[in-house]
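What follows is one structure encoded as structure tokens, with my remarks underneath.
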Amino acid sequence: MPELPEVETVRFGLQEFMPTQKVISATCDWPKSLAISEALMASKLIGATVQSVQRRGKLIIMPLSSGYSILIHLKMTGQLVYRPKSGRGFGGGHPNASLVDKLPDKSTRVIMELTRGTLFFNDQRKFGWVKLEPSDGLYQNNAFLKKLGPEPLEDSYTFEQFGSALKKRSKTSIKAALLDQTVLAGVGNIYADESLFMARIHPLTKVGDVSAVKLKRLFNAVREVMSLSISLGGSSDRNYVDAKGNKGSYLKFAQVFRKEGSACPNCGHKIIKIRAAGRGTHICPHCQKVPKLAG
DNA sequence: CACTTGACCTGTCCGC
DNA sequence: TGCGGACAGGTCAAGT
């Protein structure tokens with residue numbers, strides 16, 4: 001579930017704590033979660049200082065003084081939670097003191113000791129990972145970053161970029177195209193469903209059959225939905241929390257996601273759940289209709 | 001090449 | 001109450 005708004009919320013939280021801290025040690029309970037060789041860890045991670053916390057799509061990037069960058073993908077159930085050493089940072093009164101104090105727990109995969117605190121990478125389903133790659137040329141050399149589409153919330157992102165990326169995917173469903181990280185970066189299942197509802201487009205509509213008016217609506221909807229979610233701290237279903245262990249509140253405002261059986265806020269018809277692009281998909285069958293095929 | 005499906009995992013929920 | 005199976009969803013590999 002961590003999609004762009006959740007990852008951005010995590011990044012924002014970590015940015016407060018991580019820069020200028022030195023990595024003292026890194027240990028893991030599941031080798032795939034910390035995919036860094038012993039030699040690289042010893043020479044480029046331990047003793048290096050974190051310079052900043054960045055995000056590209058759903059990926060967290062932390063450049064180090066060693067010339068390497070820590071890359072972290074949360075995939076579905078990943079959490080990055082920071083705990084300061086006692087007497088600093090959050091203070092005794094912060095609302096998730098109990099959650100943070102319980103770490104590590106059985107889903108903790110990586111523990112990174114820092115100068116002034118500890119970073120926990122928790123990941124119930126073990127799909128996420130922490131890697132280390134050279135900062136120089138990272139965006140050209142990393143296979144994932146190299147083909148990642150534009151950042152939808154950048155001011156420089158245009159409808160023309162959105163439209164031309166979609167032209168190459170005209171035979172696939174609009175939902176599959178939105179989830180394709182090479183079309184645009186950061187949209188996952190929640191925001192795909194929410195923005196398709198906002199734009200009144202059925203998720204199984206072929207990209208080539210979506211009218212120009214609706215495509216423009218969708219372009220705006222993606223940005224609106226994700227901006228709103230960032231302002232609400234993201235979406236917390238089961239697992240997601242931010243760097244301080246706080247949940248996000250966006251799902252309270254969701255119109256269709258996980259709302260099957262309840263009334264559509266636009267027309268009152270019942271929201272239903274279908275399958276599209278291999279994923280559970282939530283629509284209002286009255287507001288979102290597949291266009292009738294000609295002939 | 002365009003596109004879809006299965007694998008990677010664990011925890012939860014549902015039906016019997 | 002226990003057990004099997006479906007499901008959750010980001011990305012890559014493998015398949016059509």
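The structure displayed is predicted, hence computed values, not measured ones.
Between A:His73 and C:dT11, a side-chain N or O to OP1/OP2 separation shorter than 4.0 Å is present. Within the 4.0 Å cut-off from OP1 or OP2 of B:dT10, not a single side-chain nitrogen or oxygen of A:Thr77 is found.
Of all the heavy atoms in A:Ile61 and A:Leu145, the pair that sits closest is CD1-CD1, 4.2 Å.
Rounded to the nearest Å, the gap between the C1' atom of C:dC12 and that of B:dG11 is 23 Å. Comparing C:dT11 with B:dT12, their P atoms sit 24 Å apart, to the nearest whole Å. Nucleotides C:dG9 and B:dC14, compared at atom P, are 16 Å apart to the nearest Å.
If you check C:dT11, C:dC12, B:dT4 against the side chain of A:Lys147, the one that comes closest is C:dC12.
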Which is it for A:Asp242 and A:Leu14 under the side chain to side chain contact (heavy atoms under 4.5 Å, CB included) test, yes or no, and what are the steps along the way?
CA-CA 9 Å; A:Asp242 70 10; A:Leu14 291 176; over 6 Å; no
Determine, step by step, whether A:Leu4 and A:Tyr191 satisfy the side chain to side chain contact (heavy atoms under 4.5 Å, CB included) criterion, reporting the C-alpha distance in whole Å, the side-chain angles of both residues, the deciding distance to 0.1 Å, and the verdict.
CA-CA 9 Å; A:Leu4 190 153; A:Tyr191 303 105; over 6 Å; no
Audit row: A:Glu133, A:Asn141, side chain to side chain contact (heavy atoms under 4.5 Å, CB included) steps and yes/no
CA-CA 9 Å; A:Glu133 292 190 15; A:Asn141 298 328; 5.7 Å; no
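In this entry the distance linking CD1 of A:Ile72 with C1' of C:dG10 reads 16 Å, nearest Å. If you measure from atom CD1 of A:Ile174 to atom P of B:dT4, you get 13 Å, rounded to the nearest angstrom. The separation between A:Ile190 atom CD1 and C:dG10 atom P is 8 Å, rounded to whole Å. The interatomic distance linking A:Asp123 (CG) with B:dT10 (P) rounds to 10 Å, in whole Å. Here the P atom of nucleotide C:dG9 and the CG atom of A:Leu251 are 11 Å apart, to the nearest Å. Across the protein-nucleic acid pair, A:Leu148 atom CG and C:dT11 atom C1' stand 12 Å apart, rounded to whole Å. Distance CG (A:Asp29) to C1' (B:dT10): 13 Å, rounded to an integer number of Å. Whole-Å rounding puts the A:Lys171 NZ to B:dT4 C1' distance at 16 Å.
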Any protein N or O atoms within reach of nucleotides 5-9 of chain B? Criterion: under 3.5 Å, listing atom names and distances.
unit_1, atom_1, unit_2, atom_2, d
B:dC9, OP1, A:Lys32, NZ, 2.6
B:dC9, O2, A:Arg125, NE, 2.8
B:dC9, N3, A:Arg125, NH2, 3.4

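Heavy atoms from other residues, nucleotides or ligands lying under 6.0 Å from CZ of A:Phe12 number 12 at most. By the 6.0 Å contact criterion, CD on A:Glu224 is open, its count of non-hydrogen atoms from other residues, nucleotides or ligands being 12 or less.
No side-chain heavy atom of A:Pro2 sits less than 4.5 Å from a side-chain heavy atom of A:Lys58.
Shown are A:Glu194, A:Arg279, A:Lys175, A:Glu3; of these, the side chain to side chain donor-acceptor pair (under 3.5 Å) with A:Asn189 is made only by A:Lys175.
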As a check on the pairing definition, encode DNA chain C in dot-bracket form, counting Watson-Crick and G-U wobble pairs whose two distances are under 3.5 Å, and using | for partners outside this strand.
.|||||||.|||||||
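Figure legend: A:Arg200 and A:Phe197 shown as a cation-pi pair, the cationic atom lying under 6.0 angstrom from the six-membered ring centre and within 45 degrees of its axis.
At a threshold of 4.0 Å, the pair A:Arg56-A:Glu151 counts as salt-bridged, since one of the basic side-chain nitrogens sits closer than that to a carboxylate oxygen.
For A:Arg275 and A:Gln181, each mapped to the nucleotide of DNA chain C holding its nearest heavy atom, the one lying further toward the 5' end belongs to A:Arg275.
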